[in-house]
Amino acid sequence: MRVTLFLNPSSWNAQDDHAVVNHTIDQALAADAAGFSAVFFTEHHFSGVNGYCDPFMMGARVAGQLQQAYIGIAVVTVPYHHPLRIVESANVLDVMTQGRCIVGLGAGGVTQAEWDAFGADRDRRHEVTEQRIAVIEKAYAFTPGDRPLDVSTEWDQGSLGGRLMPTAYRSPHPLLARATASDHTIRETGERGWPVMFGL
């Protein structure tokens with residue numbers, strides 16, 4: 001059995017923010033030293049639900065100090081991000097951990113404040129997530145020198161003509177997972193060969 005630590009600390013006022021971030025880093029390092037197999041960071045914004053908001057930044061902060069634990073992202077809220085930015089961030093973390101990371105991709109933030117702030121459509125979160133994951137998969141399959149890759153979705157515009165930088169440590173991409181509770185999406189995730197992350 002593998003035991004992991006999910007780090008999602010609340011910070012309900014500005015006076016606590018710095019201490020919460022530093023304490024989260026300390027907890028991640030202590031979990032690694034205690035033999036936990038992974039430490040997981042999550043993404044929430046503007047509500048106090050998560051005191052650090054950016055799981056990639058937190059992962060990068062501890063990447064060079066963890067001796068054996070994987071870093072998990074549980075999860076990237078896909079509707080808040082351009083798919084190529086997700087790819088780049090995942091690749092950087094994969095390089096920093098020498099392949100000891102897993103990046104979960106999910107559809108939903110927990111508070112309306114997040115959706116309002118980013119101007120994202122909560123009612124269509126599953127559609128935007130699936131379209132952006134499809135772009136992520138195509139981007140990882142893209143070879144520089146090929147015809148430019150259309151990375152547009154209903155919500156994004158773009159064309160990838162250059163190489164992804166940096167290249168992921170793992171080939172062809174970092175370990176990716178899908179956060180879902182839907183039977184249909186669980187089946188699709190299994191067909192992709194990805195693990196499933198179960199949420200609330």
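Positions are given from 1 along the sequence.
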Would a 4.5 Å heavy-atom cut-off, applied to side chains only, mark [X] and [Y] as touching?
| X | Y | answer |
| --- | --- | --- |
| N91 | L164 | yes |
| D121 | E127 | no |
| F36 | T4 | no |
| F41 | L93 | no |
| E130 | T185 | yes |
| M58 | V21 | yes |
| L175 | R170 | yes |
| F198 | I186 | yes |

Look at the side-chain heavy atoms of Ile, Leu, Val, Met, Phe, Trp and Tyr, link any pair under 4.5 Å apart, and say whether [X] and [Y] land in one connected group.
| X | Y | result |
| --- | --- | --- |
| W155 | W115 | no |
| V49 | L7 | no |
| V135 | I73 | yes |
| Y169 | I102 | no |
| M197 | F6 | yes |

When P83 is tested against each of K138, R132, Q131 for side-chain contact (heavy atoms from CB on, under 4.5 Å), which residue passes?
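Single side-chain contact (heavy atoms from CB on, under 4.5 Å) partner of P83 among K138, R132, Q131: R132.
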Which residue is it: T129, T189, I86? I am looking for the one with a side-chain contact (heavy atoms from CB on, under 4.5 Å) to L105.
I86
Could you check whether atom CZ of R124 has more than 12 heavy atoms from other residues, nucleotides or ligands sitting under 6.0 Å from it?
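Enclosed: over 12 neighbouring heavy atoms sit under 6.0 Å from CZ of R124.
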Might you confirm whether atom NE2 of H23 has over 12 heavy atoms from other residues, nucleotides or ligands at distances under 6.0 Å?
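It does not: H23 NE2 has 12 such atoms or fewer within range.
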Look at the aromatic rings of F118 and F46 and report parallel, tilted or perpendicular, splitting at 30° and 60°.
tilted
Which of parallel (below 30°), tilted (30 to 60°) and perpendicular (above 60°) describes Y140 and H173?
tilted
Quick one: do H184 and E188 satisfy side-chain hydrogen bond (donor to acceptor under 3.5 Å, both in side chains)? Show the steps, please.
CA-CA 6 Å; H184 172 75; E188 284 189 344; 3.0 Å; yes
Establish, from distance only, whether the side-chain atoms of S11 and D16 form a donor-acceptor pair under 3.5 Å.
no
Whether the side chain of R100 engages the backbone of A69 through a donor-acceptor N/O pair (distance < 3.5 Å, no angle test) should be reported.
yes
Look up atom [atom1] in [X] and atom [atom2] in [Y], then write down how far apart they are to the nearest 0.5 Å.
| X | Y | atom1 | atom2 | result |
| --- | --- | --- | --- | --- |
| F56 | C101 | CZ | SG | 8.0 Å |
| T180 | W194 | OG1 | CH2 | 12.0 Å |
| D94 | M96 | CG | CE | 11.5 Å |

Looking at every heavy atom in both [X] and [Y], which two are closest together, and how far apart are they?
| X | Y | value |
| --- | --- | --- |
| A74 | F40 | CB-CD2, 3.6 Å |
| V103 | A90 | CG2-CB, 4.0 Å |
| R125 | A107 | CB-O, 3.3 Å |
| V20 | S10 | CG2-O, 3.7 Å |
| G158 | D150 | O-OD1, 3.2 Å |
| I71 | G59 | CD1-O, 3.2 Å |

For E137 and R192, what are the C-alpha separation, side-chain angles and deciding distance, and is it a salt bridge (Lys or Arg N to Asp or Glu O under 4.0 Å)?
CA-CA 10 Å; E137 290 182 301; R192 282 184 169 118; 3.0 Å; yes
